[in-house]
Structures are given as C-alpha cells and as structure tokens.
Amino acid sequence: MKSSVKVLLILAAAVMLGNLSSTGADAKAKVKVKKVTVKSNYGKMVHVAVGKKVKLTTTVKVSPNKSANKKVTYKSSNKKIATVSSGGYVKGKKTGSCKITVTSKKNKKKKKTIKVKVVKKVTSIALSESSLAIPIGNSEKLKKTVLPSAGSYKAVKWTTSNKKVATVSSAGVVKGVAAGTATIKATSVEGSSKSASCKVKVLSADAVSIAEASVLSEDTVRVTLDRAKTLNPSQIVVQGKRYSYGKYNTKYTIRKLRNYDNKTYDITLNTDYYSISKDSYVKITISTLPGNGTKTMETQAVFVKNAAPVNQKWIALVGDSCQKTVDLSEYCIGNISYRLTGSVPGIACRQKNNMLVFSGIYQSVVPGATITVEAADETGNVVKQQIEIAVGNETNLVGTAPDLTILTGERLVQKSFASALGGSGNYSFSAEGMPSGLKVYEDGTITGTTISAGTSKVTVTAVDRENAQNKAVFTATIRVADQKKVTGTVVNTDNKVIAGAKIVCEDIADGTCFETTTDEKGNYTVNVAEGSYNIYAEFAEKKDSVYNIAIATGGRRIDFELESN
C-alpha cells in the first residue's frame, strides 16, 4: 500500500514539473525582439567632448512590450577613446573615433552600432546679435561662432523661451509671431553645455522705434526713427553723464528741433550751462512713441570723423629746421598708438599725448620720400595717413602742389597752386594733364574755367630760371566735380531776415570749404561738390550749424535761425 502511494506521488510530481517546464518554454518563446535602434545627441553619430558625457537614446522594439524585455548592454570598441556606462552615457577620453555596440539582453543577435567621434571641448559660443527687434511676421538669422575654431563640434541646439512670441529654426532663423519678448538660446551638444543667448523683442504693428542716435557736436544730437513720426521738442528728453558707470544726472534743455523727413531729427541743445563733452554719454528718451518699440537709446560723444585723413606734402631745404605735428585723434576713439614706416635723415619723431611731433634738421637731399603713419585706437580701428617729403638744396630743386577739388564752371583767376624750393629761388612752372579749361602759368598759379567733371593726375615741372638743368617734377590730383546747390534763408529768432550772414559748407571727406553770404533778403545759394558736409551760418558772433548733411542730385535746402541780440 505504501509502495503504491509512493509511486503515485512520484508520478504527480513528474507531471507538475513537466507542466512547469512547458510553461517556461512557452513564455520564453513569446518574447520576440524585433529591432534595436540607437540615436546620438545630434546627427547620425555621437559627438562628445574630451572629459564630457552625452547620453544615447536607445529604442528596443519587442513583444511583449515590457520594460524587462527592453534591457540592453553597451560596449565600446576602444575604451581609450570613449567609454560607455550601463545607462548609455558615452564619455570622451581623448580625441579620436570608435564605435559603441548596443545589444539586446533578450536576444543577443539583435544589436546596433553607432560611430563616436571625440572632439575638443567647446570653450565659448557667441551670437551675431545680443538683442533683436523684429516686426511680427519678419525673420532674421542669427549666426553663431563656436570656439575653438579647430577641432570642436560646431553644431548647437536652438531653443526659444516663448514659442508664442518668437520661434527659431534649427538653422538659427528667428521669426516674430506676436508682440512681446523672448530669449533665443544656442547650446552646445557635445557635453560642454556652453551657450549664448539673444533677447528678442517682437514689435507690434504700430510700433515706432528709435533706430539710431549719435552726437554730432557739443550742442547737437541726431535721432533717426525706423518709421516716420512727427515729433515736437516737448516729447524728447535728452540726458547726459560723464562716465559709463555714472548716473544720468544732467538734463539738457532743447533749444531747437530740426525735422528733415519726419524720421531724422537734429536736436539742438541750449549750452548756456551744459554742453556735451568728448567721450561723455547721452541718453535720448521719446516715451510717446507708439507701440512697444525702442523708446530709449544711449550713445557716446566720440566726435570721430568718418572720412580718411588727407595726405600731407612737405618740402624743405637742407639745413632747415623741422617742427611739425600730426594729430589723427579726430579720426580715432580714445588713446592712440602710432606706428611709422619710412624716415628722413635728421628728422626724429616722438609721440606726445595723441599727437606725433616731428623735429630736427634736414641733413641731406631727399628727392622724394613717403612716411606712412598708422594710428590704432582703443577699438582696434586703424587710420592711415601718408606724408610726402622732398628736401632740396642750392643745386637740387624740389617742388609741391596740393590736391584740389574744383567745381564745373568755376572761374579761377591766378589761384595759388605750385611752389618750389632750392636753386636760385627763381622758378618757372609748367604742367601736363590739366583739366580742360585750366592752365598753369609760369608763376605757378592756375587760371581758367573748368568745363567737365572728372579727375586728372597732373604732372608739374619746376625749372630754375638761372639753371635750366636744375628742375623738379611732382604730381597733384585735381578733381572737377559737378555743381550741387545748397540754398536757404537765414533769419533770427524774431523771424527777421539777416543780410550778410556768412555761409560755410565744409566737405567732411577732405576739408574743402565752399562759402557765400546772404543777400538783402537773407537768401543764399552756395555751389558745392557732391558729398557730406558740415554747414553753418554765422553773423555778429551768432552761429547756427548742421552736421553730416549729404548733398547729392538735386542739392539741398537748409534754413538757419540765429539768436536775436
């Protein structure tokens, strides 16, 4: 009996074990790994910086779709280049390339490899703009600069803090969606987490902004709007401060507002108590401008000429003393560092403040030498000027003639032009290549009437009258420009016309001045060449000025108002 029971128990246990074994086999057969995929942080391969980590994104398609069935292992083909953790974090060890293999734990035949490139760590990212203002619907592309320039991964991830205001594409194109502000950010993707951002203001449809502000003189500020808007002085506030870190505790009084086209305004200040000093700061506020545009703008009074310096021409005799200065500070910002190329025997040069001082005694004959002066300012801007120097003696003649700008139709009568030194001191001049209608006389003066516009390279010859073998040949450039007319009226603050007021138009590029006076009705017309000018009217120590005025086809009308006595 006991034996029968024992046999039955053994048989039952065997049946149960068989059933359990069958159930396990069925369960294992039901787990089916279909595919393993892996993606990098950016692009088709992994880019990771030395010493940094990036995480792989791994996907396992499996049935049943349970997390236990999705487990994988990671393996690096070269741990000296990059390692990989069990969680899929790839760490760069040194620059180079290798592969990471991802394998399913449920089915080791299902695997995927991805290339890894270990690069230099990004040290900084800079964007082409730190702030932008764009209208709704408009787009603007931000350009990125990733350093170091060699060996780093240049790709970035672009994000916006507010998609309802501004969006940004993968190429850095920012688009305005609705009025408001958003921050656009570019972040490195190789693990260094370096970033740069740009604040974006999306302008409302009615917005009018201050587009530009500049200080033209100690009493004049120019403001340019991005859209036409009529302003009056009461809408504008102008404040000043001496230092960048200071407070705007000076409020200027506006004496006059000159409106050119409802977009560009010159604000003339009353300087009885305060004037704008060089390198100080000015803030302009127009709070009544509609919309959410730029209503305040700061600018610095650098007072820098935009034109290139006019080249100089010096002549002298052996034994003459040289005491000359070159000052390029009006073309530069802040302190200047000078560099010279070329020299003349006996003449030394030293820098004093922002000027160059040339001094000494001319020691030998120099038929023609060129000294190039380079002035580098605090912003890195470099300005160049050339000095042509010729030195003669009793047997060697030297000469010079200035470069000129003359208007078409202008009548010249014995205008001073050529000069010479050396020899007997008695010279005869001639010239080739003169503009049509003009002639150089033996005494070195120009007479005639210009006919047509153009630029002529004139060759001048000076001959010693007492020794025809002693001569000098030198050149000058004469530009004949078509006449453009500047017209207007000069009155005082009581609206009475001023006759006899002096009008001066100074060409910003080369300093050429064109002058006239007002007639008995206070009207004037002055002929000038095409260009940009500073123009002023002056009478009885009263003066009114305009600055950086472009004169082109059709001329320009500028009216002046002088203070009444």
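The shown structure was predicted, so the numbers you read here are calculated from the model rather than taken from an experiment.
- A donor atom on one side chain and an acceptor atom on the other are found under 3.5 Å apart for Ser204 and Asn292.
- Using a distance-only test at 3.5 Å, with no hydrogens or angles considered, a donor-acceptor pair links the side chain of Lys295 to the main chain of Gly291.
- For the 3.5 Å distance criterion, the side chains of Asn138 and Lys175 fail to qualify, holding no donor opposite an acceptor.
- Between Val458 and Ala431 the shortest heavy-atom distance is CG1-CB, 3.9 Å.
- The two residues Asp482 and Ala453 come nearest to each other via the heavy atoms OD1-CB, 3.5 Å.
- Taking the ring axis of Tyr441 as reference, the NZ or CZ atom of Lys439 stays within 45° of it and closer than 6.0 Å to the ring centre.
- Nearest heavy-atom pair, Val526 versus Cys505, reported as atom, atom and distance to 0.1 Å: CG1-SG, 3.5 Å.
- Using a 4.5 Å heavy-atom cutoff, the side chains of Ile508 and Asn534 are in contact.
- A heavy-atom distance below 4.5 Å is found between the side chains of Ile371 and Leu340.
- Checking Thr220 against Asp266 by side-chain atom types alone, no donor-acceptor pair falls below 3.5 Å.
- Checked by atom type, the side-chain pair Asn492/Asn495 shows no donor-acceptor distance below 3.5 Å.
- Taking a 6.0 Å sphere around OH of Tyr248, one finds it holds more than 12 heavy atoms contributed by other residues, nucleotides or ligands.
- Leu438 contributes atom CG, which lies 9.5 Å from atom CZ of Arg411 (distance to the nearest 0.5 angstrom).
- Geometrically, Lys278 does not engage Phe303 in a cation-pi contact, judged by NZ or CZ lying under 6.0 Å from the ring centre and within 45° of the ring axis.
- Sequence neighbours left out, the pairs with a member in residues 232-256 that pass salt bridge (charged side-chain N to carboxylate O under 4.0 Å, His left out) are Arg255-Glu563, Lys256-Asp544.
- In this structure, the separation between CG on Asn548 and OG on Ser532 is 5.0 Å, given to the nearest 0.5 Å.
- Side-chain contact between Lys415 and Thr445 is absent, with no heavy-atom pair separated by less than 4.5 Å.
- The two residues Val174 and Ala166 make their nearest non-hydrogen contact at CG1-CB, 4.3 Å.
- Distance SG/Cys198 to CD/Glu129: 7.0 Å, rounded to 0.5 Å.
- Atoms OG1 and CD1, on Thr372 and Ile387 in that order, are 8.5 Å from each other to the nearest 0.5 Å.
- Put simply, the side chain of Arg479 never gets that close to the backbone of Ile406: no donor and acceptor are under 3.5 Å apart.
- Under a 3.5 Å cut-off, the side chain of Asp559 and the backbone N or O of Thr489 do form a donor-acceptor pair.
- Lys313 pairs by the salt bridge (charged side-chain N to carboxylate O under 4.0 Å, His left out) definition with Asp403, not counting sequence neighbours.
- The 12-atom threshold is not exceeded at CG of Asn306, counting heavy atoms of other residues, nucleotides or ligands nearer than 6.0 Å.
- In this structure the side chain of Met355 never reaches within 4.5 angstrom of the side chain of Val326, judged on heavy atoms.
- Side-chain contact, Thr447 with Gln414: no donor N or O sits under 3.5 Å from an acceptor N or O.
- By the 4.5 Å heavy-atom criterion applied to side chains, Asp377 and Val383 are not counted as neighbours.
- The closest side-chain donor-acceptor pair between Asp219 and Ser217 falls under 3.5 angstrom.
- For the residue pair Gln385/Tyr331, the side-chain donor-acceptor check at 3.5 Å is not satisfied.
- From Thr285, atom OG1 reaches atom CD of Glu298 across 8.5 Å, with rounding to the nearest 0.5 Å.
- A side-chain donor-acceptor contact under 3.5 Å links Thr123 to the backbone of Leu147.
- A donor and an acceptor atom, one from each side chain of Thr512 and Asp510, are located under 3.5 Å apart.
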Using the rule given for side-chain hydrogen bond (donor to acceptor under 3.5 Å, both in side chains), can you reason through Thr493 versus Ser564, listing the C-alpha separation, both sets of side-chain angles and the distance that settles it, and then say yes or no?
CA-CA 6 Å; Thr493 48; Ser564 301; 2.7 Å; yes
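- Other residues, nucleotides and ligands contribute over 12 non-hydrogen atoms within 6.0 Å of the NZ atom of Lys484.
- Note: Tyr524 and Phe560 have tilted aromatic rings, judged against thresholds of 30 and 60 degrees for the angle between ring planes.
- Annotation for Phe417 and Gly444: closest pair CB-O, 3.1 Å, computed over non-hydrogen atoms.
- Considering only heavy atoms from C-beta on, Val497 stays 4.5 Å or farther from Asn523 through its side chain.
- Between Glu538 and Lys502 there is no salt bridge, since no side-chain N of the basic residue sits under 4.0 Å from a carboxylate O of the acidic one.
- The distance from the OG1 atom of Thr271 to the CG atom of Leu269 is 8.0 Å, given to the nearest 0.5 Å.
- Using a cut-off of 4.0 Å between Lys/Arg side-chain N and Asp/Glu carboxylate O, Lys305 and Glu330 are scored as salt-bridged.
- The neighbour count for Lys229 NZ, taken as heavy atoms of other residues, nucleotides or ligands under 6.0 Å away, does not exceed 12.
- Without hydrogens or angle criteria, Gln351 side chain to Asn353 main chain gives a donor-acceptor distance under 3.5 Å.
- A cation-pi arrangement is absent between Lys185 and Trp158 under the rule of less than 6.0 angstrom and at most 45 degrees off the ring axis.
- Side chain of Arg227 to main chain of Ala207: a donor-acceptor pair is present (N/O by atom type, distance under 3.5 Å, no hydrogens or angles).
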Kindly indicate, with the supporting measurements, whether the criterion side-chain hydrogen bond (donor to acceptor under 3.5 Å, both in side chains) is fulfilled by Thr379 and Asn381.
CA-CA 6 Å; Thr379 68; Asn381 181 48; 5.4 Å; no
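- The minimum heavy-atom distance between Ser149 and Lys154, with the atom names listed, is O-NZ, 2.8 Å.
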